[in-house]
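Each remark here refers to the structure printed beneath this line.
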Amino acid sequence: MDKISRLRGFRDIWKDELEKLRKIEEVARKYLNLLGFDELKVPILEKTELFVRSIGETTDIVQKEMFTFHDPSGDSVTLRPEATAGVVRAYIEASLFATQRITKLFTIGSMFRHERPQKGRFREFNQIDVEVFGSKGPLIDAELLWLISLILDELKVKNFEIEVNTVGCWECRKKFKEVFLSYIEKKLDHLCEDCKTRARRNPLRIFDCKKDECLFLTKDSPLLFENLCEECKIHFNKFLNYLIKFEVKVKHNERLVRGLDYYTKTVFEVKSSALGAQNAFIAGGRYDGLVKEMGGPDVPGIGFAIGLERLSLIVNTGNPKENLTVFIAFVDDKAREHLFRLVKQFVKSNIRVFYDPDSKSLKSQMRYAHALNADYAIIVGEEEIKNNIVSLRNMKTGEQKSYPNDLEYLIKDISYTK
RNA sequence: GUGGGUGUAGCUCAAUCGGAUAGAGCAUCAGGCUGUGGCCCUGAGGGCUGGGGGUUCGAAGCCCCUCACCCACCCCA
């Protein structure tokens, strides 16, 4: 029979990495809870239209990266490529705007994008997604970055940099696009191929280009930052001010823009040089028009997502503490009759217990106990049964003693050792 | 979607110019003690050399196709 392999870009997550992901989630949950966020789960599969409308029809995500297919009844459905759309949909569908002035939510789960895999990039990847609805002021923007720094501090993440910028509101961005386009028009021929398409689709992304030629051509270009309306300017300055009060260090990157259509005003990215090309592991921003666009009331929103696979690449967590582990070895099949009684008793006493489910030589069983890194081996054989005892071998010291076979004293003794 | 690199045992890697039965270490299993792990010793199992086609007397190595992985572009978390 041929073996079946996993799908490209999809992974099995084991042991150490899984432990790391759990640790990250645990720390994030702690601070999310302390700052009043509620967890929710939203579906992995949604109507395709939800993402087309929220993320933007012209974005790469929608145009070529979504897992979209028809369900058996013929409807077009899509595996979520990001979390915000679903959370916004849920917020509107539950009419939370009617009962809460401010809504703070987070969700944890996997997202799907049909991209070519590389370092820190998979087709199924996990995110912690955080969203706040109902506050238009810059204080909440700063609070989110403080939240991020609390989480990263506790995880002892070093070598990261928070970059912030503003992309303005719809009006000042629209105006700036005209200013910028008339500037870049003359230089269009000299831009790289990618930037030529950007000029048509999403001109602001030209600022993001890493190619020297494009960097050079836009060097003395007008910046969105200089063309902001009063309100956006004040918002951003207050935001920077609050960050100082929260003691969150950031870098203002005037060229930072985001690929999703819905962002307004504040945007930010957290980057690490240790990640290779996919160096942003947290990113987000404000999206004041999105809830309305999605059929809800005109409620402002802001949020961010943590890429868990990327974050786990730069997190070091110590080895998890192993439970006290006991291995029971049986010398012969007659001794095996005692298995059920002994195993039950250990489990009831919260002690991790192993035994060889197949009858093997004692030597083989002891090797297995060693491989399992057991703290103790219990040996049961003819001699023990005759004397109504069990032998307890300390696997770390090699010391071996006898205990009455009702295990009461034995369990008391070994429980002290871990 | 586009480039570059890499595919040999469960893992890490050998195999001269295209040459004979594709090897080693680790891991696994068994034995060395008829009731005792680690260290040591002995032995065993494990490969369609990613897959398919071609060239050749002969292919792990050359050619073509394909798949997967890694890295980068693009995009993004």
Side-chain angles (χ1 to χ4, degrees), chain A residues 2-3 5-11 24 55 58-66 80-84 108-130 148 192-195 197-198 201-202 205 208-211 257-260 263 268-272 275-285 303-314 327-332 335 356 358 360-385 391-400:
Chain A
D2 290 342
K3 67 177 171 190
S5 60
R6 57 188 195 272
L7 286 170
R8 176 172 222 193
F10 287 70
R11 302 179 318 132
I24 293 169
I55 298 168
T58 60
T59 57
D60 276 23
I61 293 180
V62 169
Q63 295 227 317
K64 47 192 190 194
E65 294 172 4
M66 297 204 302
R80 60 182 184 195
E82 56 105 47
T84 303
I108 303 179
S110 47
M111 310 297 150
F112 304 84
R113 287 183 205 172
H114 194 273
E115 298 182 274
R116 192 90 169 251
Q118 71 184 71
K119 189 181 172 96
R121 190 169 83 180
F122 307 100
R123 289 185 173 181
E124 180 185 19
F125 57 98
N126 288 277
Q127 287 190 340
I128 299 178
D129 181 76
V130 178
I148 288 170
C192 72
E193 285 309 307
D194 291 322
C195 280
T197 32
R198 284 181 185 127
R201 289 240 300 263
N202 191 352
R205 290 203 59 85
D208 241 5
C209 190
K210 294 162 203 150
K211 295 207 177 67
V257 289
R258 315 257 36 246
L260 281 61
Y263 286 111
F268 52 88
E269 275 183 11
V270 187
K271 298 176 177 177
S272 170
L275 284 174
Q278 311 300 318
N279 60 357
F281 62 97
I282 300 178
F304 67 86
I306 304 177
L308 289 177
E309 283 80 0
R310 289 184 189 177
L311 177 52
S312 86
L313 283 174
I314 52 174
F327 186 94
I328 313 178
F330 301 95
V331 176
D332 51 38
D356 197 322
D358 302 310
K360 290 284 175 84
S361 68
L362 184 59
K363 181 192 188 99
S364 169
Q365 292 178 71
M366 293 302 283
R367 276 183 179 163
Y368 185 29
H370 182 79
L372 289 167
N373 199 22
D375 299 287
Y376 294 97
I378 308 257
I379 297 154
V380 185
E382 204 179 338
E383 240 173 80
E384 283 82 4
I385 292 167
S391 297
L392 176 78
R393 184 179 181 84
N394 184 323
M395 295 295 282
K396 305 279 135 79
T397 65
E399 196 186 349
Q400 196 160 318

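So that the names make sense, note that chain A is the first sequence line, chain B the second, and so on, each numbered from 1. None of the values given here were measured: they were computed from a predicted structure.
For the pair A/Arg80 (side chain) and A/Phe112 (backbone), a donor-acceptor distance under 3.5 Å is absent. With hydrogens and angles disregarded, no donor-acceptor distance shorter than 3.5 Å links the side chain of A/Glu82 to the backbone of A/Met111. Between the side chain of A/Gln365 and the main chain of A/Lys360, a donor-acceptor pair closer than 3.5 Å is present. For the pair A/Arg113 (side chain) and A/Pro81 (backbone), a donor-acceptor distance under 3.5 Å is present. Using a distance-only test at 3.5 Å, with no hydrogens or angles considered, no donor-acceptor pair links the side chain of A/Arg123 to the main chain of A/Phe10. Remark: side-chain polar atoms of A/Glu309 are not paired, donor with acceptor, to backbone N or O of A/Arg121 under 3.5 angstrom.
By the 5.5 angstrom centroid cut-off and the 30-degree plane limit, A/Phe125 is classified as stacked against the base of B/A77.
Interatomic distance, CD1 of A/Ile148 versus CD1 of A/Ile128, reported as 11.0 Å (0.5 Å rounding). To the nearest 0.5 angstrom, A/Lys64 atom NZ is 10.0 Å from A/Thr59 atom OG1.
The distance from atom CG of A/Leu372 to atom P of B/A27 is 16 Å, rounded to the nearest whole Å. In this structure, A/Met395 atom CE and B/G37 atom P are separated by 9 Å, rounded to whole Å. Remark: C1' of B/G35 and CD of A/Glu382 are 10 Å apart, rounded to the nearest angstrom. The CZ-C1' distance, from A/Phe268 to B/A77, rounds to 12 Å in whole Å. Atom-to-atom, CE of A/Met366 to C1' of B/C29 comes out at 18 Å; the value is rounded to the nearest Å. With rounding to whole Å, A/Arg205 atom CZ is found 13 Å from B/C73 atom P. To the nearest angstrom, P of B/C76 lies 14 Å from CE of A/Met66. In this structure, A/Asp208 places its CG atom 10 Å from P of B/C74, rounding to the nearest Å.
Open room surrounds CD on A/Glu382; 12 or fewer heavy atoms of other groups in view lie less than 6.0 Å from it.
Closest contact between the side chain of A/Ile379 and the listed nucleotides B/C76, B/U36, B/A68 involves B/U36. The side chain of A/Lys363 lies closest to B/G37, out of B/C73, B/G37, B/A77. Here the nucleotide nearest the side chain of A/Arg393, chosen from B/A77, B/U36, B/G31, is B/U36. In this structure, of B/G3, B/G37, B/C76, it is B/G3 that holds the atom nearest to the side chain of A/Arg116. Side-chain proximity of A/Arg8 to the nucleotides B/A77, B/A68, B/U36 is greatest for B/A68. Between B/U36, B/A77, B/C74, one nucleotide has an atom nearer to the side chain of A/Ala305 than all others, and that is B/A77.
Neither OP1 nor OP2 of B/C70 sits under 4.0 Å from any side-chain N or O of A/Gln118. Close to B/C75, at under 4.0 Å from its OP1 or OP2, lies a side-chain N or O of A/Arg198. Side-chain nitrogen and oxygen atoms of A/Ser364 include none within less than 4.0 Å of the OP1 or OP2 phosphate oxygen of B/C29. Within the 4.0 Å cut-off from OP1 or OP2 of B/G37, not a single side-chain nitrogen or oxygen of A/Lys396 is found. Look at A/Arg258 and you'll find a side-chain N or O under 4.0 angstrom from OP1 or OP2 of B/A77.
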_Nucleic acid footprint by protein, nucleotides 40-47 of chain B - heavy-atom cut-off 4.0 Å, B for base, S for sugar-phosphate alone_ = --------
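Glycosidic conformation, B/C17: syn, with the torsion inside 90° of 0. Annotated as anti: B/G31, whose glycosidic dihedral deviates from 0 by more than 90°.
Between A/Ala280 and A/Ser5, the one whose closest nucleotide on RNA chain B sits nearer the 5' end is A/Ser5.
Judged by distance alone with a 3.5 Å cut-off, a donor-acceptor contact links the side chain of A/Gln278 to the base of B/C75.
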